[in-house]
Amino acid sequence: MANSKGPTTEINYVYRGTFIHSTQQTPLQILEDELLGVDTDGKIAFIGKAAELDSLSQTFGFSPSEVIQLAQHEFFMPGLVDTHIHAPQYSYAGTALDLPLLEWLNKYTFPVESLFKDLEFAQQVYSQVVKRTLRNGTTTACYFATIHTDASLLLAQIANDFGQRALVGKVCMDSNNSVKHYKETNQESQDETCRFIAELLNKKYPLVRPVVTPRFALSCTGALLGQLGAIAKNNNLHIQSHIILHDVYHKHNLLTDKTVMAHGCYLSDEELALFRETGASLSHCPNSNISLCSGMLNVRNVLKHNVKLGLGTDVAGGYSASILDAVRRTLDMSKVFTIQDPEYDTLTFEEVFRLATLGGSQALSLDDRTGNFEVGKDFDALRVNVAAADGPIDLIKIEEPKIILEKFLNLGDDRNIVEVFVAGRKVVPFTKDGCLEEGLEALLKATGSNLLILKISHCPNLLTDRSLWLASCYCRALQAVTYRSATDPVGQEVIWALGAGCRDIISLQVAPLHPCQQPARFSNRCLQTIGRCWPHLRALGVGGAGCGIQGLASLARNCMRLQVLELDHVSEINQEVAAEVCREGLKGLEMLVLSSTPVTPKALLHFNSVCRNLKSIVVQIGIEDYFEDPNSPEARKLFDEMVNKLQYLTKYDALFILNTLSARRSSVQSETTLVSWKEDFGNTYELD
């Protein structure tokens, strides 16, 4: 009978075919012609023989016609687990492998990691590494970030947005004599680690958790190590580092059953026994061990000591971001031991397959949720096709599943990975710019000309601006469109396509969300295209660093019927800009909204005098919109002066009545000023 716990939730989908995984008892278990059902919570609901289809469909309430059949050369395997990867180092992966470890850190690693205080740079690199590892089949990753808290939180957000299971660590290091600007004080490291943990836990990401991350013993004082051990214990958190001197970590309570230490090439039998007793794990990173000439881990000896062990890429010491490469290098290194000692018990590919999947989940203490195909666990899986078109594998004849798996492990790459699932959600394949749009085209096609309003907002890495291209194909009666994204803001080509297909739009909101991954993508060309496509627009919201006087003037000249205009995160609106824009148009404007857009009082006066139909002007600004260093006393002083001038303007023209203006500026981080002119009595405007 099938392995199941009975129906507790609705079945989302059912696959039929070959499933290959590991268990604690056997490194390789092959289930042929099986059915596997995944419920709406993303968990494996049942596994059973195909012959039991009728009974399973009745028990779990799905239709046999809905079962998805795998092709002849396809199989499912558990997702790969990368137990050690440095996300910021992906920016120079494949290079800089000409020095031994400590020199390598000082010349390449620390200078590059120091750049991640720049969040735009961090966004670019972290998005790429998460996408690349997912494409390579890594469903779970244990990431080192940098010492920068906000950039580390950004990495966690990106992993969550793309749907990857991840442990993310803000690096802690209060000792660095080689690159002195890349370190923290002891107190800074404590405070920022606590802030990182608190803010990340408060996000309540379902698959992303913080991990306490002392870089390694040489870069952390004993005092800091002790404090980090206490933080991890008090918050019941994972710990990761690089093992050099085990007694240092043990002394400071950093060897626990939630600890994973990279490398461990020189651990003695006594030290391995300590790892077993504490429940701590090792991450084997053969590529970097070889590339940096750091040593060779005797994996067989580690397994004989019953120490939990997984595989890591250790990018960029390891030049590949694929755990498949780690599988191959692990097998190679095992054979080197055999060359040195013919009596050595060489690892089999089945054993290394287990290290890459179940072993990794055990090393990260996540094997209660993932790692193999047990009922009740999350469906983290790769759909593999060894006969994929243009793939790297040539099949000469029909092979049994074990041979097919071996070929994939030795020869395969991302071209063979047809689909990737994490917690039941399909996260690969990617469409344009690495984002998923599954089902959207069918939805838009079904609604067709009946759809009048389309709103797509806050869907990072799920829906791209290609969504608007699809809308232009199927929903030509659209009258109002909102598309707001921080990861894939709308571009000129898609605006043109939308304008060609949907000529009746009168309300358009396409300002990028912030912080934006591509802040300049929405440009003057976009504004010009909007004006040419929809001269009858009544309401428009645009923004971004790429918007300037040329594009705004063109927009005003073409959209003569515009009644509502919102500018979000646009460069400064001064009197010159206001005069040029108003000269070209905006005579019928009734409402102007300026959000996070620096504006001068003279510019507001000009809008007020020229746009005679104006009923409301809303200005929402923060001190950071005007000054690069909002914490300086001079910035605060100048900003208060600006606020006072804006408040004075509310009394400038008797035609406009200010009902109430309440301004609260309790801190630099939260201060916002809202100035509003309103024609109708009774409304109250409060500033938070």
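Along the sequence shown, residues are numbered consecutively beginning with 1. Please read all numbers here as calculations on a predicted model, not as lab measurements.
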Going from CG on L552 to CG on N524, what distance comes out if it is rounded to the nearest 0.5 angstrom? 7.0 Å
Test of understanding: with ring-ring contact (aromatic ring centres under 6.0 Å, His included), list the residues that count as partners of Y126, not counting sequence neighbours. F116
Within the supplied structure, the quantity of interest is the number of heavy atoms (other residues, nucleotides, ligands) at a distance under 6.0 Å from K203 NZ; does it exceed 12? no
Under 3.5 Å donor-acceptor, S609 side chain and H606 backbone: yes
Would you mind telling me which of L153, L155, D161 makes a side-chain contact (heavy atoms from CB on, under 4.5 Å) with Q157? D161
Specify the closest pair of heavy atoms between A316 and Q89, including all atoms of both residues, with the distance to one decimal. N-OE1, 2.9 Å
Between the side chain of K587 and the main-chain N/O of C582, is any donor-acceptor distance below 3.5 Å? yes
M591 and V618, any side-chain heavy atoms less than 4.5 Å apart: yes
Restricting to non-hydrogen atoms, name the atom on V581 and the atom on A553 that form the minimum distance, rounded to 0.1 Å. CG2-N, 4.2 Å
Whether D191 side chain and E188 backbone form a donor-acceptor pair below 3.5 Å: no
Looking at CD of Q563 and CZ of R538, how far apart are the two atoms once the value is rounded to the nearest 0.5 Å? 5.5 Å
Side-chain donor/acceptor of R484 to backbone N/O of Q509, under 3.5 Å: no
Looking at every heavy atom in both C502 and A471, which two are closest together, and how far apart are they? SG-O, 3.9 Å
Do T109 and Y92 get their side chains close enough for a donor-acceptor pair, meaning under 3.5 Å? yes
Are Q124 and E120 close enough that some pair of their side-chain heavy atoms sits under 4.5 Å apart? no
salt_bridge(K170, E184) N-O dist < 4.0 Å: yes
Answer yes if the side chains of T149 and E192 hold a donor-acceptor pair under 3.5 Å, and no otherwise. yes
For the student: nearest non-hydrogen atoms of L537 and S507, plus distance: CD2-N, 3.8 Å
Polar side-chain atom of Q575 near backbone of T600 as donor-acceptor pair, under 3.5 Å: no
Taking the side chain as C-beta and beyond, is there a heavy-atom pair between T139 and R165 under 4.5 Å? no
Quick one: does V427's side chain get under 4.5 Å of F162's, heavy atoms only? no
Note, V168 side chain near F196 side chain (heavy atom, < 4.5 Å): yes
Between L478 and L451, is there a side-chain heavy-atom distance shorter than 4.5 Å? yes
So, N608 side chain and L604 main chain: donor-acceptor pair closer than 3.5 Å or not? no
Check: S91 side chain, P88 main-chain N or O, donor-acceptor pair, under 3.5 Å: yes
Walk me through it: do L592 and L586 pass the test side chain to side chain contact (heavy atoms under 4.5 Å, CB included)? CA-CA 10 Å; L592 175 65; L586 300 186; over 6 Å; no
Nearest atoms (heavy-atom pairs only) where I549 meets E576: CD1-O, 4.2 Å
Please list, chain by chain and in numerical order, all residues satisfying ring-ring contact (aromatic ring centres under 6.0 Å, His included) with F110, sequence neighbours excluded. Y182
Looking only at heavy atoms, which two atoms of T529 and I495 are closest? And how far apart? CG2-CG2, 3.7 Å
Could you state the interatomic distance from NE2 (H148) to NZ (K117), rounded to the nearest 0.5 Å? 6.5 Å
When rounded to the nearest 0.5 Å, the distance separating CZ of R503 from CH2 of W534 is 8.0 Å
Can you classify the ring geometry of H514 versus H569 as parallel (below 30°), tilted (30 to 60°) or perpendicular (above 60°)? parallel
Do the side chains of P210 and L201 get nearer than 4.5 Å, heavy atoms only? yes
Working note: F144 + E113, criterion side chain to side chain contact (heavy atoms under 4.5 Å, CB included); need CA distance, chi angles, decisive distance, verdict. CA-CA 11 Å; F144 272 63; E113 289 191 8; over 6 Å; no
Any donor-acceptor pair under 3.5 Å from R476 side chain to S472 backbone: yes
Under the 3.5 angstrom rule, does the side chain of T597 hit a backbone N or O of S595 as a donor-acceptor pair? yes
Quick one: do L454 and T482 satisfy side chain to side chain contact (heavy atoms under 4.5 Å, CB included)? Show the steps, please. CA-CA 6 Å; L454 175 65; T482 297; over 6 Å; no
Would you call R583-E580 a salt bridge at under 4.0 Å N-O? yes
Is it the case that more than 12 heavy atoms not belonging to Q550 sit under 6.0 Å from its CD atom? no
Reference residue F522; test side-chain contact (heavy atoms from CB on, under 4.5 Å); the match among D568, V570, V510: V510
Inter-residue atom distance S322.OG - I417.CD1, 0.5 Å rounding: 7.0 Å
Could you give the distance from CZ (R195) to CG (N202), rounded to the nearest 0.5 Å? 12.5 Å
Flag, side chain of D82 to backbone of T313, donor-acceptor distance under 3.5 Å: yes
Given side chain to side chain contact (heavy atoms under 4.5 Å, CB included), test I505 with L498 step by step and report yes or no. CA-CA 9 Å; I505 293 174; L498 184 66; 4.0 Å; yes
With a 4.5 Å heavy-atom cut-off, do I573 and L567 have their side chains touching? yes
